[in-house]
Structures are given as structure tokens and as C-alpha cells.
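Data first, discussion second: the structure below is written as C-alpha cells.
Heavy-atom basis, side chains included; hydrogens, waters and symmetry copies ignored.
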Amino acid sequence: MGKLAFLFSGQGAQTVGMGKDLYQSNPVVKMTYDELSSIARDAIEISFSGSEEELKRTKNTQPALFAMEMAIERALVAENVRPDGFAGFSIGELAALSSSGAYSAIEGMKIVMKRAEAMEKATKQEKTAMVAVLRLSDEKVEEIAKRFEKAYPVNYNSPGQVVVALAESILPAFLEEVKKEGGTPMTLNVSGGFHSPFMEKASEELAIFLNETELKSPQKPVYANLTGEVYPSDIRSFLSMQVKSPVLWVKTIENLKRDGYDTVVEIGPGHTLSSLVKRIDKSFRIFNAGDKESFEKTVAALSGENNG
């Protein structure tokens, strides 16, 4: 039998009300949310009943996603759905590391809140945007980006889908170039140019914070956005670099397959990562745990399998 990986969603997947049905129905989820509310109450309340605009703010989005993902991960493990390894997309990687034992959920939330604060501050230094480019090769997207002074391919999501972070001032010209080359551009619902040189200051701030934080080696493999390979034992430099570096998601999924994983559970709102996995490798068994219904289906299918 192959291995099971938990995959944690990233920023952009958030929706108001996420996690609320599980909070109201699952005691492990409720206990985790209540624990994390001690330091992130505002973000959690916004995720349950705030406005889309409030939740879109990085300082709220990231803690809200982390709380939801940690709560669902714990609830799955309590139902005997135990992973062999982890990966997370952008902020999801911090949930992956916490789940692997690198730090507690409370310590993880402190890191997430510092990361979110530093990234939001960086977004105010220059107006930036992120655009998903569809139907073009990685190489063609990289070529188009090189035509502009401040455009950086950052998220290698799936074959034919690369996200570019860029200065807002060049957005119209960039969209036009993509269309001319036969691609389809989609401007994303995020608040800044993440995983790019626009986040240099945020990376520096996070590195200082992490130097004062106790971190442990992951107890199970965590695949890093930075390389697509398993995290090294010293996670500090990778965690701070991740903020300003591309997310190598295609390589991550390919390496999970290489290492014997054949089943994944996407934890978090929506089905974005599930869709990407399907495009990268259709042979994976794919499950979701983002609300009460999908959680129960996943538990029914996987509880007690020979994993973890």
C-alpha cells in the first residue's frame, strides 16, 4: 500500500464561514480553535462571520487559515486518519510543519502572525498584484516576465499554470502581453506580490523572529515549497526564504509520487490543491477535508488504513 500525505491550502482559498460547521459539530476542531483563539481571536471571528474584505487582509487570512487547518488535521488524526508526510502551499506549509512536530500549534500561530504582519507591511511599500497565467509553458511565462522590470514567476502550480507577482503599474501591459502570446491571464484575489523580491523585508523580519523561536526537526517528512524536496533538519532558513521565493508545487507533487505517496488529503477551504494535483498526476487518490460533509467522507474512506 502507498503512503498518505496531508496537503494544506494556501492564501486565496479563504472564504467567510470556513470551518464554522466543523467548529459547531466536532469537539476536537472546537478545542483547537478555542486554544488558538487565545492569541488570534480577531482573525478567527472574522473567518467565521466577518466580511470578505476583512478576511482578505493578510494579517487576518493567514492566522484564520492556520487555525482551520490545524483544527482539521488534529480531528483527522483523532479519527485514525494518519499521514506519512506533509506539504502545504505557502501559508499551508506552516501548518504542515506544526503537524510534523516542528513546533506546537500555539508557537506556530505566533510565527504565522509575525509572518502575516511582516508580509502585510511589505505589501504597503509598493502596489503589487499576482496573475495566474494559463495555457502557456513555464518557459514562455518566464520569457514574458523578463520583458518587464518588476515581474517575477513565483508559483509553479501545475503544467500550464504559473503565477506571476508584479508591480501594479505594469499590470495592464503584462496582461496584454500574455494574451498576445496565446495565454489566459487571471488576476488573483490576494493583497500583494508574495513569494517574490517584493517580500525581501518580510523575509528579513521573519528570519529575526525565527532566530528567537525554539524549533525542532520535523518528526515526519515535510516537502518544502522552496525546493520541492523534504525539509532539512534545520528549518529556520527555509521558513524565512519561503516568503520571498517561488513555490515549486509541481516538483513537490512529483516528488511525493517518486517517494511512494499515492493518496492525498487536501485540508482547508475549497479544492484548489486537489485540482492542481489532478493536473500534475491523475494517478493520486484525492480526498478533501474542508467542511463537515467532506471531512466525514474522508474519514469514512481512510480511517484505519495502514498509514502513518
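With hydrogens and angles ignored, the 3.5 Å screen pairs a side-chain donor or acceptor of K220 with a backbone N or O of P83. Panel note: side chain R236, backbone T213; a donor-acceptor pair is recorded below 3.5 Å. In this structure, T128 contributes its side chain and G193 its backbone to a donor-acceptor pair below 3.5 Å. Using a distance-only test at 3.5 Å, with no hydrogens or angles considered, a donor-acceptor pair links the side chain of N225 to the main chain of S90. Between the side chain of T184 and the main chain of L134, no donor-acceptor pair closer than 3.5 Å is present. Formation of a donor-acceptor pair under 3.5 Å by the N288 side chain with backbone atoms of S294 is not found in this model. S203 contributes a side-chain N or O that, together with a main-chain N or O of S240, makes up a donor-acceptor pair within less than 3.5 Å. The closest donor-acceptor contact from the side chain of S98 to the backbone of L94 lies at 3.5 Å or more, if one exists at all. In this structure, the side chain of N80 does not engage the main chain of S303 through any donor-acceptor pair within 3.5 Å. In this structure a side-chain-to-backbone donor-acceptor pair under 3.5 Å is missing from Q219 to G101.
Taking the six-membered ring where the residue is Trp, the centroids of Y261 and F284 are separated by 6.0 Å or more. Checked against the 6.0 Å centroid criterion, the rings of Y152 and F198 qualify as a close aromatic pair. Between F89 and F8, the distance from one ring center to the other does not fall under 6.0 angstrom. A centroid separation of less than 6.0 Å is found between the aromatic rings of F148 and F174. In summary, the aromatic rings of Y223 and F86 are positioned with their centroids too far apart to meet the 6.0 Å limit.
One hydrophobic cluster, built from ILVMFWY side chains closer than 4.5 Å, holds both L210 and I91. Under a hydrophobic clustering in which Ile, Leu, Val, Met, Phe, Trp and Tyr are joined whenever their side-chain heavy atoms come within less than 4.5 Å, directly or via other members, V277 and L256 fall into the same cluster. No chain of hydrophobic side-chain contacts below 4.5 Å, direct or via other Ile, Leu, Val, Met, Phe, Trp or Tyr residues, connects L4 to I253. No single ILVMFWY cluster, assembled from side-chain heavy atoms under 4.5 Å apart, contains both V141 and M130. In terms of hydrophobic clustering, with Ile, Leu, Val, Met, Phe, Trp and Tyr side chains grouped at heavy-atom distances under 4.5 Å, V264 and M68 are assigned to different clusters.
A distance of 11.5 Å separates CD of E176 from CG of L171, quoted to the nearest 0.5 Å. Between the CZ atom of F194 and the OG atom of S245 there is a distance of 14.5 Å, given to the nearest 0.5 Å. Rounded to the nearest 0.5 Å, atoms NZ (K30) and OG (S37) are 9.0 Å apart. To the nearest 0.5 Å, the span separating CE on M241 from OG1 on T227 amounts to 10.5 Å. The structure places CD of E73 at 8.5 Å from OG1 of T32, a figure rounded to the nearest 0.5 Å. Atom CG of L215 is separated from atom CG of D234 by 8.0 Å, given to the nearest 0.5 angstrom.
One finds no salt bridge joining E93 and R115 here, because no Lys/Arg side-chain nitrogen approaches an Asp/Glu carboxylate oxygen to under 4.0 Å. Taking the charged nitrogens against the carboxylate oxygens, E254 and K257 have no contact shorter than 4.0 Å, which rules out a salt bridge. The existence of a salt bridge linking E53 and K56 is excluded, since no basic side-chain nitrogen approaches an acidic carboxylate oxygen closer than 4.0 Å. Ion pairing of K292 with E296 is present here, as a side-chain N (NZ or NE/NH1/NH2) and a carboxylate O approach within less than 4.0 Å. For E293 and K297, the salt-bridge test passes: some basic side-chain N is under 4.0 Å from an acidic carboxylate O. A salt bridge links K121 with E205: the distance from a Lys NZ or Arg NE/NH1/NH2 to an Asp or Glu carboxylate oxygen falls below 4.0 Å. Between K114 and E212 there is no salt bridge, since no side-chain nitrogen of the basic residue lies less than 4.0 Å from a carboxylate oxygen of the acidic one. Between E107 and K110 there is a salt bridge, with a side-chain nitrogen of the basic residue lying less than 4.0 Å from a carboxylate oxygen of the acidic one.
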Quiz item: So L76 and I267, side-chain contact (heavy atoms from CB on, under 4.5 Å) or not? Walk me through it.
Solution: CA-CA 10 Å; L76 285 171; I267 296 176; 3.7 Å; yes

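I170 and A151 get closest at one heavy-atom pair: CD1-CB, 4.1 Å. Between I280 and P159, the closest heavy-atom pair is CG1-CD, 3.8 Å.
When each of E120, Q11, E117 is checked for a side chain to side chain donor-acceptor pair (under 3.5 Å) with T58, only Q11 meets the rule. Here the rule is salt bridge (Lys or Arg N to Asp or Glu O under 4.0 Å) with R74, and of E79, E35, E69 only E35 fits it.
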